[in-house]
There are 2 protein chains.
Amino acid sequence: MISKNKSLPVIEYANHTSNSEVCYPSCDQCIAKYVSMCSVLEENELNDIAGISKNIRIIAKQQICVEGETAEYLFNIKSGCVRISKMLADGRRQIIGFLFPGEFFGLACSNGYSYTAETITDTELCRMPRADIIKKFSDIPKLGQKVLNITHAELQRTQDQMLLLGRKSAKEKLATFLLNLIDKSMRDHNKKVYLPMCRSDIADYLGLTIETVSRQFTILSKENLISLSDSQFVEILNLDKLDIIASGG
Amino acid sequence: MISKNKSLPVIEYANHTSNSEVCYPSCDQCIAKYVSMCSVLEENELNDIAGISKNIRIIAKQQICVEGETAEYLFNIKSGCVRISKMLADGRRQIIGFLFPGEFFGLACSNGYSYTAETITDTELCRMPRADIIKKFSDIPKLGQKVLNITHAELQRTQDQMLLLGRKSAKEKLATFLLNLIDKSMRDHNKKVYLPMCRSDIADYLGLTIETVSRQFTILSKENLISLSDSQFVEILNLDKLDIIASGG
DNA sequence: CGTGCATTTGACCACCTTCAATAAAGGTGG
DNA sequence: CCACCTTTATTGAAGGTGGTCAAATGCACG
């Protein structure tokens, strides 16, 4: 699975709690400069933040931060895929979201992280001290406003997910999930989607079991709405019909 | 049901689209001054916003704004209870949240409202022009920051609700719901909670049917965890056990 | 080629839904 | 104030969607 992710060059990875971190060298080629909170910053402001940030590389399936832990850092994703989740005492898990390059996480409003974040693929992060960034919201008002916009957009996506979890059938859930992924990766221009996450991640995201997810994949395939060349690669064959299913038509 | 809501004096109500609106007379006794976005404002800033706001009274079970409609206004709740919801094409509904005095809604990030808002009880609102308030985020940075804090807290509550909708059983859902209401109304100091919303509202909030909600109320009663003197009044008899159930223990 | 993990498929079951009937509460008019 | 009607809530019985348990298949890697 990891070897299929071509977006990362061959580099040495390090757990971000180890001391092999390097100071953020340059934001020039960082995607966050264009789409994330950093996009509102002037050159000098960007350098300022880069000076207090660190570049982190983490291999797949590692924890980045844990629900309840003191929230010291804010993370911008430069490459890879991250899942954030919450758990019940007995181990039942709900995945809150999958995050891709340009997105950030860790902006807790209490002292502790409200969710656990883990890498799905090998991931490159920009790690910023949370308290310092929050201070910057005052110094650079447009940064705070940008974060408000991002947070509010995130809130609306989460509310859409509430509708999905509370009221959609298994089939509708999976169709919605696939269409949302298409939206995110439409830059690839074709209708083939790579799923970096495994079936149990999809299940815990949609409030289902892996068996039900698998069965629904099979059903959508048999109806010629999608094609599964590999369990990680989905080709959308009939976007319109999938859309109708996803919206409960 | 309406007559039981003693928080409102006997006044004439008007739909907010009619012309019987009155300019916001004074913020002196408004709860929003203490707990909402308005709490960060100086006297003159508050007056400034009051000058462009209107005081609205709406009777129970009326629409305030509709999903998709152009988002012209932002609303602060002064008294009463409001539900916000989203619908699928075939009528399936998910209630996103119940809002109480001091809370606000309507801060859409696109042009249209992302949800429908309706009064549950008779409600008094402070209606502010959305575009003007958003402009004020720049003029008064601490206002923008306060709204960011509120929005982020709201995001975390919504994520908790995702865990509930995706992974909790009917019994756990209802226990969680009751405990959350207790938290909100603990100012009443006893463990008797008034439920302004009907069973179908609770069902659509928890991703259940009214029958299942009703059955779970009965079960919790028979286990002596709660007492239902009236379908709208719940007394918590065993908070600890309810807590264990709610958290999936 | 064997081991280990992820995914798929099958059989059975349970929780919640659906459908239906009854009970209780609220509102209106006499 | 009570009869009547409507709305809401409760309870019961039957059914279905998705869950649980189990086995088989597929794939990567040594």
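Just so it is clear: chains get the letters A, B, ... in the order the sequence lines come, proteins before strands, and each one is counted from 1.
Looking at I64(A) and T119(A), their side chains come closer than 4.5 Å, going by heavy atoms from C-beta outward.
Atom P of nucleotide dA9(D) and atom CZ of F233(B) are separated by 14 Å, given to the nearest angstrom. To the nearest angstrom, C1' of dC16(C) lies 17 Å from CZ of F217(B). When rounded to the nearest whole Å, the span between CG of D201(B) and P of dT8(D) equals 10 Å. Note: CZ (R215(B)) to C1' (dA21(C)) measures 12 Å, nearest angstrom. Taking atom CG of residue D230(B) and atom P of nucleotide dT7(D), one finds them 20 Å apart after rounding to whole Å. Following rounding to the nearest Å, L220(A) (CG) and dT9(C) (P) show an atom-to-atom distance of 13 Å.
With T121(A) contributing its side chain and C81(A) its backbone, the two residues share a donor-acceptor pair below 3.5 Å.
Between F105(B) and F75(B), the ring-plane angle classifies as parallel under the 30° and 60° cut-offs.
Within the structure, every side-chain polar atom (N or O) of Q232(A) is placed at least 4.0 Å from both OP1 and OP2 of dC27(D). Phosphate proximity of dT8(C) to R199(A): present, with a side-chain N or O under 4.0 Å from OP1 or OP2.
Listed by first residue number, the stems of DNA chain C with at least three Watson-Crick or G-U pairs below 3.5 Å are C:1-30 with D:1-30.
Residues forming a salt bridge (charged side-chain N to carboxylate O under 4.0 Å, His left out) with E223(A) (at least two apart in sequence, or on another chain): K171(A). For the side-chain hydrogen bond (donor to acceptor under 3.5 Å, both in side chains) test, residues two or more places apart in sequence or in another chain that qualify with K168(A) are T176(A).
Closest approach of A60(A) to D122(A), counting heavy atoms only: N-OD1, 2.8 Å.
Using a 4.0 Å cut-off on heavy atoms, the residues of residues 164-178 of chain A that approach DNA chain D are S169(A), A170(A), listed by number. For DNA chain C, the residues of residues 205-214 of chain B within the heavy-atom distance limit of 4.0 Å (strictly under) are G207(B), L208(B), T209(B), E211(B), T212(B), sorted by number.
The side chain to side chain donor-acceptor pair (under 3.5 Å) pairs that include a residue from residues 83-96 of chain B are D160(A)-K86(B), E172(A)-R92(B), R83(B)-E118(B), R83(B)-D201(B), D90(B)-R92(B), R93(B)-D201(B), R93(B)-D204(B), where partners are two or more places apart or lie in different chains.
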